[in-house]
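Comments concern the structure below.
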Amino acid sequence: MSLQNSKEIPAGIRFPGEYEPHEGTLMVWPERPGSWGKDPSGAERAFTDIIEALLKVEKVWLVVSPKAAPAVRERFAGQERLTIIESETDDSWARDIGPTFVFSKEGRLAVNWSFNAWGGEVDGLYASWEKDDRLARTFAAAIGNEVLDAAPFVLEGGSIHTDGEGTLMVTESCLMSAGRNPSLTKAEIEERLKTYLGATKVLWLPRGIYMDETNEHVDNVAAFIRPGEVVLAWTDNRRDPQYELSAQNLAYLEGETDAKGRKIKVRKLPIPDVPVCCTARDIDNYVFEPGEDTREAGERLAASYVNFYFANGIALVPQFGGENAESDARAVRILAELCPERKIVPIAARDILLGGGNIHCITQQVPGFSEKGRR
């Protein structure tokens, strides 16, 4: 069944926090040469590390093309918590192309947004995105979840973050971009967010991470680690272009309260000390299709430790290696101090960053209980 208009939207919608219990995680195997290269082995290793870490604590649903499915099944043979779903996609950004799960009084719902490759004809990152746009419905059907249809409203899962208690955090640079919902005002966009996600307050951060090609998704710059507490990507280097962007966000958050009226605690999580950039070798591995966004040697990537992922009892944290070994260790240390209830799992993630995102971008949580059974 699909709920398709505001008259059919059920009462009591709540968008749970990522730190609440999961049934599992949705991922999509990396296959697109323009993101993962003609030799995708680096990305495959990183995805495998994440999948194996997740399988220790929860289920994983892995979407794979029929062509790649036999090899992937062999790679993960014997993993009882893993379910492989054969389906074609355009790329592997499960956060953005999968459904957003909410609760209503009737139970769990899968919200289907319209996806247009982060900007459609205006500034989308590839020319064809129809397969990605279908994935939310495909996955909801595969796990037997009812769909709450928000299309044609364009939104990606990486552009929203919640505290689970009515507060939604977004970036203005993303949600007000010309390629998403240009006919809607800021107030109209906010109203749709409140309708489909049950939010009562929306925090509009001004900016995201420098060079983030998604028009600066919020999940790369700020994240709730518990109600009333946010980690913010930061740098003390005033010469770094990120400094001004993060300073704007800090000033904004320090002047706001959440949906419960609490003043927000902001914890700084420094970005890598040394910018992570594409090398000539990286560029040689890409195979771009016509209309696909390309890269250049020396191009700075949108590296941020805020793009971590909470699963049951753990936090998967990006590590960039090389000159950023000290920065990597610092991020792990800070998150361990901020989240003592979780095991911090470092993941070598530069090969994911080369695709354009990171750990949070390739994972989508599936909450594991209904509101009736909320603990």
Side-chain angles (χ1 to χ4, degrees), residues 16-31 36 40-89 91-103 107-110 134-147 157 308-319 339 341-349 351-352 358-370 372-375:
E18 186 177 307
Y19 35 68
E20 296 182 42
H22 296 184
E23 180 181 356
T25 296
L26 167 65
M27 294 182 66
V28 184
W29 191 245
E31 299 182 53
W36 315 111
S41 58
E44 290 175 352
R45 283 193 299 271
F47 275 60
T48 297
D49 288 346
I50 292 168
I51 292 167
E52 290 179 344
L54 290 172
L55 287 171
K56 294 176 181 178
V57 298
E58 61 189 57
K59 297 177 184 178
V60 174
W61 292 274
L62 182 60
V63 176
V64 186
S65 73
K67 179 181 178 181
V72 174
R73 289 183 190 280
E74 182 177 353
R75 179 185 285 252
F76 294 105
Q79 294 283 7
E80 295 182 358
R81 280 179 164 167
L82 178 68
T83 300
I84 291 178
I85 300 170
E86 293 190 25
S87 182
E88 296 283 356
T89 60
D91 209 343
S92 304
W93 306 106
R95 173 72 46 179
D96 294 344
I97 65 179
T100 299
F101 288 93
V102 300
F103 295 127
R108 193 174 67 191
L109 299 173
R134 291 196 295 264
L135 181 66
R137 287 184 169 279
T138 298
F139 180 60
I143 65 171
N145 242 144
E146 189 171 316
V147 173
F308 58 81
Y309 178 61
F310 282 156
N312 290 334
I314 65 173
L316 305 181
V317 182
Q319 304 282 274
C339 305
E341 74 283 6
R342 293 183 181 273
K343 178 182 178 181
I344 307 302
V345 182
I347 299 288
D351 286 299
I352 306 174
N358 221 294
I359 298 172
H360 198 258
C361 306
I362 62 169
T363 51
Q364 175 62 282
Q365 70 270 13
V366 181
F369 56 90
S370 70
K372 294 178 182 178
R374 187 179 180 190
R375 296 187 290 274

*Below 4.0 angstrom, N of the basic side chain to O of the carboxylate: do K67 and E31 qualify?*
no
_Backbone N/O of W29 and side chain of S92: donor-acceptor pair under 3.5 Å_ = yes
*To the nearest 0.5 Å, what is the distance between CG (N358) and CD1 (I50)?*
7.5 Å
_Closest contact, heavy atoms only, Y309 versus I359_ = CB-CG2, 3.8 Å
*Under 3.5 Å donor-acceptor, R137 side chain and P99 backbone*: no
*Specify whether W36 and W93 have parallel, tilted or perpendicular ring planes, treating 30° as the upper limit for parallel and 60° as the lower limit for perpendicular.*
tilted
*asked:* Could you go through H360 and L316, starting from their C-alpha distance and side-chain angles, then the distance that decides it, and tell me whether this counts as side-chain contact (heavy atoms from CB on, under 4.5 Å)?
replied: CA-CA 9 Å; H360 198 258; L316 305 181; over 6 Å; no
_With a 4.5 Å cut-off on side-chain heavy atoms, are E20 and P367 touching?_
no
*Report yes or no: does E58 contribute a side-chain atom to a donor-acceptor pair with the main-chain N or O of N312 at less than 3.5 Å?*
yes
*Sole candidate of L26, V28, L82, T83 that passes side chain to side chain contact (heavy atoms under 4.5 Å, CB included) when paired with L62*: L82
*Could you tell me how the ring of W61 sits relative to the ring of F139: parallel (under 30°), tilted (30 to 60°) or perpendicular (over 60°)?*
perpendicular
*Where is the tightest heavy-atom contact between L55 and R81, given as atom of each residue plus distance?*
O-NH1, 2.8 Å
*Out of curiosity, K59 NZ to T25 OG1, how far, rounded to the nearest 0.5 Å?*
11.5 Å
_So does I347 get a backbone contact from the side chain of D49, meaning a donor-acceptor N/O pair under 3.5 Å?_
no
*Which atom of I314 lies closest to which atom of R342, heavy atoms considered*: O-NH1, 3.1 Å
_Any H22 side-chain heavy atom under 4.5 Å of L54 side chain_ = no
*When you look at I143 and F101, which way does the side-chain contact (heavy atoms from CB on, under 4.5 Å) test go after all the steps?*
CA-CA 12 Å; I143 65 171; F101 288 93; 3.8 Å; yes
*If we only count heavy atoms from C-beta on, is the T363 to F47 side-chain gap below 4.5 Å?*
no
*D91 CG to I97 CD1 distance, which is reported to the nearest 0.5 Å*: 7.5 Å
*For R95 and Q365, test the side chains for any donor-to-acceptor distance below 3.5 angstrom and give the result as yes or no.*
yes
*Heavy-atom count around E341 CD within 6.0 Å, excluding the residue itself: above 12?*
yes
*Rounded distance [0.5 Å steps], CD1 in I51 versus CE in M27*: 4.5 Å
*Locate the shortest heavy-atom distance separating Q319 from P346; write the atom from each residue and the value.*
CG-CB, 3.6 Å
_Looking at every non-hydrogen atom in both residues, tell me the closest pair between N145 and A110 and how far apart they are._
CB-CB, 4.4 Å
*Is there side-chain contact between R134 and T89, with at least one heavy-atom pair below 4.5 Å?*
no
*asked:* Looking at every heavy atom in both A43 and D351, which two are closest together, and how far apart are they?
replied: N-CB, 3.8 Å
*In Å and rounded to the nearest 0.5 Å, what is the SG to CZ distance from C339 to F310?*
4.0 Å
